[in-house]
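Structure record follows, encoded as structure tokens.
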There are 2 protein chains.
Amino acid sequence: MSTERKRARTQDQKHFRRQQILDAAEQHFTEVGYEGFSMANLAKLAGVVKGTLYLYFKTREEVFLTLYNQSLVRWSHVFLNQLQDAMTDQDYAKTLYTTALADGSFIPLLTRLEHVIEHNVSIDSLIQSKRNFIERVDCIAQATAPVLGLSEAQSLELVKTMGVLLVGAARADQGPPLQGEDIPADVQGLIDSFSSEPIFIKNACRIISGIRAEHSA
Amino acid sequence: MSTERKRARTQDQKHFRRQQILDAAEQHFTEVGYEGFSMANLAKLAGVVKGTLYLYFKTREEVFLTLYNQSLVRWSHVFLNQLQDAMTDQDYAKTLYTTALADGSFIPLLTRLEHVIEHNVSIDSLIQSKRNFIERVDCIAQATAPVLGLSEAQSLELVKTMGVLLVGAARADQGPPLQGEDIPADVQGLIDSFSSEPIFIKNACRIISGIRAEHSA
DNA sequence: TTTTATAAATGACTTGCAGTCATTAAATAA
DNA sequence: TTATTTAATGACTGCAAGTCATTTATAAAA
């Protein structure tokens, strides 16, 4: 906090200030979530005034998109580190799922990416974000191929598909907290049956098997 | 419009008025989408004043949840009607996908259900909505079993999983419109590779195969 | 028919949000 | 020391959801 009371004049100082805001944003996001996030509170937390935020980000969604980009990179490093020389399909799926969920921001931002965040963002930011995504996917696919015994092409398709499945499965965890509410047994049963981890893992395995089988012909 | 200038006194009249508001909401939603939807505009379109909306719906999200419930019922009828005696896995998946996307409200509401809509809704409405969901899923599963040659249990799991896959795959269509923007080839290639229909159908088939195989052992 | 009671409908109001912009002042250059 | 540049400010606009005291249409009672 005491490190920066001064004005950011050089490009380096501006990058540093921008990252300070992003760090505050990450903290604010994990504390209050997407709907509770406000630029006014972010400003307070970052120790600047609201107008200053708009010198560094054109819109609130530009902040979110940047947080998303960073969280994708962060998660991909964690995931790549956990890959072993040879893993069962199930271990692979479980590792992917667990590491993704362990990052507090990644899934909540990913599930809002297309239908909210990308709609209030400059084309340039969007292109930059997509490029970052391509790079991470390629990198993960390259590491995945030998682990699961797939071709590069198969591996690329798999990784892309895992993203789709992850978003679909993670939905279940995004519902409202129901602690202490009395939920009828039938409804509780439904919620339990959509528990995201087994759904993700089971279907990830089915999809891996499917992809592996398709080109053995 | 000329049918109802009067006050709704009886329960029947109130139900009718509520449905009038919902019809206007459906229209407003298809015109401006989720983010553009406002209660003030809905009031104008429904021919009432804003405060009146809150006599019939506790929050804006209660309106959306009701629209979602109705769209689920509407889609399920269309889908059930299109099921044939015996279909290939692919025909089944394609029919499911096509009918779901043909309904203008179903997918946009479904993709926002857990992380937005359900967070500002009464527990009672949520339970009612989940019960409606259970009923539709059961009904679809029952009809699906003979079509794909699955047991009832397999069919139930399949239908639930299709919902997960549908949400994940449909994300790709929810991005911002990019007509007329010049998108670099690599990014355009990425977007194309996430085209939702082939992703849904291919993986639906892989999952159906997987489920079918699991209990043949 | 006239009066009274009920509650549907109203719209002005509050609160909270994202985003803007004329002004201020810190840092650098002259 | 003075002039210039531009980061930072915070008061401001506009719009949204949701509230509530008041109005008034309608039904029931007299």
Side-chain angles (χ1 to χ4, degrees), chain A residues 1 3-21 24-25 28-29 32-67 112 116-122 125, chain B residues 1-21 24-25 28-29 31-67 112 116-122 125:
Chain A
M1 291 297 152
T3 48
E4 281 299 307
R5 281 292 72 198
K6 310 192 165 270
R7 288 195 171 189
R9 301 283 295 202
T10 72
Q11 215 60 6
D12 270 4
Q13 288 173 317
K14 284 199 232 176
H15 271 98
F16 186 72
R17 174 63 49 90
R18 193 181 138 101
Q19 191 55 50
Q20 281 189 313
I21 293 171
H28 186 37
F29 185 73
V32 303
Y34 194 93
E35 321 319 312
F37 190 103
S38 88
M39 293 297 267
N41 285 336
L42 170 56
K44 266 178 222 152
L45 202 62
V48 296
V49 95
K50 201 167 51 159
T52 305
L53 299 180
Y54 288 91
L55 299 176
Y56 292 91
F57 299 94
K58 278 208 264 311
T59 63
R60 163 186 140 108
E61 282 73 22
E62 294 259 357
V63 178
F64 286 135
L65 187 62
T66 312
L67 286 183
R112 286 159 176 97
V116 189
I117 298 173
E118 290 186 354
H119 281 267
N120 200 10
V121 137
S122 71
S125 300
Chain B
M1 293 294 155
S2 59
T3 47
E4 279 300 305
R5 280 291 74 198
K6 307 190 167 276
R7 288 196 172 187
R9 304 282 296 202
T10 71
Q11 217 57 8
D12 270 5
Q13 287 173 318
K14 285 200 231 174
H15 271 97
F16 186 73
R17 173 62 48 90
R18 194 179 138 100
Q19 192 54 50
Q20 281 189 314
I21 293 172
H28 186 37
F29 185 74
E31 278 170 10
V32 302
Y34 194 94
E35 314 331 302
F37 190 103
S38 90
M39 293 298 266
N41 285 337
L42 170 57
K44 265 178 221 152
L45 203 60
V48 296
V49 95
K50 201 167 51 158
T52 305
L53 300 180
Y54 289 91
L55 299 175
Y56 292 90
F57 299 94
K58 279 207 263 310
T59 64
R60 164 187 140 108
E61 282 74 23
E62 294 260 356
V63 177
F64 287 134
L65 188 62
T66 312
L67 286 184
R112 286 160 176 97
V116 189
I117 297 173
E118 288 185 355
H119 282 267
N120 200 10
V121 137
S122 72
S125 301

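Chain letters run A, B, ... following the sequence lines, proteins first, then strands; residues in each count from 1.
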* **Audit row: A:Val63, A:Met39, side-chain contact (heavy atoms from CB on, under 4.5 Å) steps and yes/no** => CA-CA 10 Å; A:Val63 178; A:Met39 293 297 267; 4.2 Å; yes
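- Summarising the geometry, the separation between CG on B:Leu53 and C1' on C:dA8 is reported as 13 Å, rounded to the nearest angstrom.
- Protein atom CZ of B:Arg9 is 11 Å distant from nucleotide atom C1' of C:dA9, rounded to whole Å.
- The side chain of B:Arg17 contributes an N or O atom lying less than 4.0 Å from OP1 or OP2 of C:dA9.
- The B:Val49 side chain lies nearest to C:dG11 when the options are C:dT6, C:dG11, C:dA9.
- Considering only the side chain of B:Tyr56, C:dA8 comes nearest among C:dT10, D:dA7, C:dA8.
- For the pair B:His28 NE2 and D:dA17 C1', the interatomic distance rounds to 13 Å; values are reported in whole Å.
- Applying the side-chain hydrogen bond (donor to acceptor under 3.5 Å, both in side chains) criterion to B:Gln19, with sequence neighbours excluded, gives B:Asp23, B:Gln70.
- For B:Tyr34, the ring-ring contact (aromatic ring centres under 6.0 Å, His included) criterion is met by B:Phe64, not counting sequence neighbours.
- The CG atom of A:Leu42 sits 16 Å away from the C1' atom of C:dG16 (whole-angstrom rounding).
- Counting to the nearest Å, the P atom of D:dA7 and the CD atom of A:Gln20 are 16 Å from each other.
- Here C:dA9 presents its C1' atom at 17 Å from CZ of B:Arg18, a figure rounded to the nearest Å.
- A salt bridge (charged side-chain N to carboxylate O under 4.0 Å, His left out) check over residues 50-61 of chain B, counting only residues at least two apart or in different chains, returns nothing.
- In this structure B:Glu118 satisfies the salt bridge (Lys or Arg N to Asp or Glu O under 4.0 Å) test together with B:Lys130, sequence neighbours excluded.
- Under the salt bridge (Lys or Arg N to Asp or Glu O under 4.0 Å) criterion, A:Glu35 pairs with A:Arg112, sequence neighbours left out.
- Looking at B:His28, its side chain does come within 3.5 Å of a backbone N or O of B:Ser38 through a donor-acceptor pair.
- Contact annotation for A:Phe57: no contact, since no heavy-atom pair falls under 4.0 Å across all strands.
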Which atom pairs link the protein and nucleotides 17-21 of chain C when you take only N or O atoms and keep those under 3.5 Å?
unit_1: C:dA18; atom_1: OP1; unit_2: A:Arg60; atom_2: NH1; d: 3.0
unit_1: C:dA18; atom_1: OP2; unit_2: A:Met39; atom_2: N; d: 3.1
unit_1: C:dA18; atom_1: N7; unit_2: A:Lys50; atom_2: NZ; d: 3.0
unit_1: C:dG19; atom_1: OP1; unit_2: A:Asn120; atom_2: ND2; d: 3.0
unit_1: C:dG19; atom_1: OP2; unit_2: A:Tyr54; atom_2: OH; d: 3.2
unit_1: C:dG19; atom_1: OP2; unit_2: A:Arg60; atom_2: N; d: 2.8
unit_1: C:dG19; atom_1: N7; unit_2: A:Lys50; atom_2: NZ; d: 3.2
unit_1: C:dG19; atom_1: O6; unit_2: A:Lys50; atom_2: NZ; d: 2.7

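- Taking atom CG of residue A:Leu55 and atom P of nucleotide D:dA8, one finds them 7 Å apart after rounding to whole Å.
- Regarding A:Glu35, its CD atom lies at a distance of 14 Å from the C1' atom of D:dA17, rounded to whole Å.
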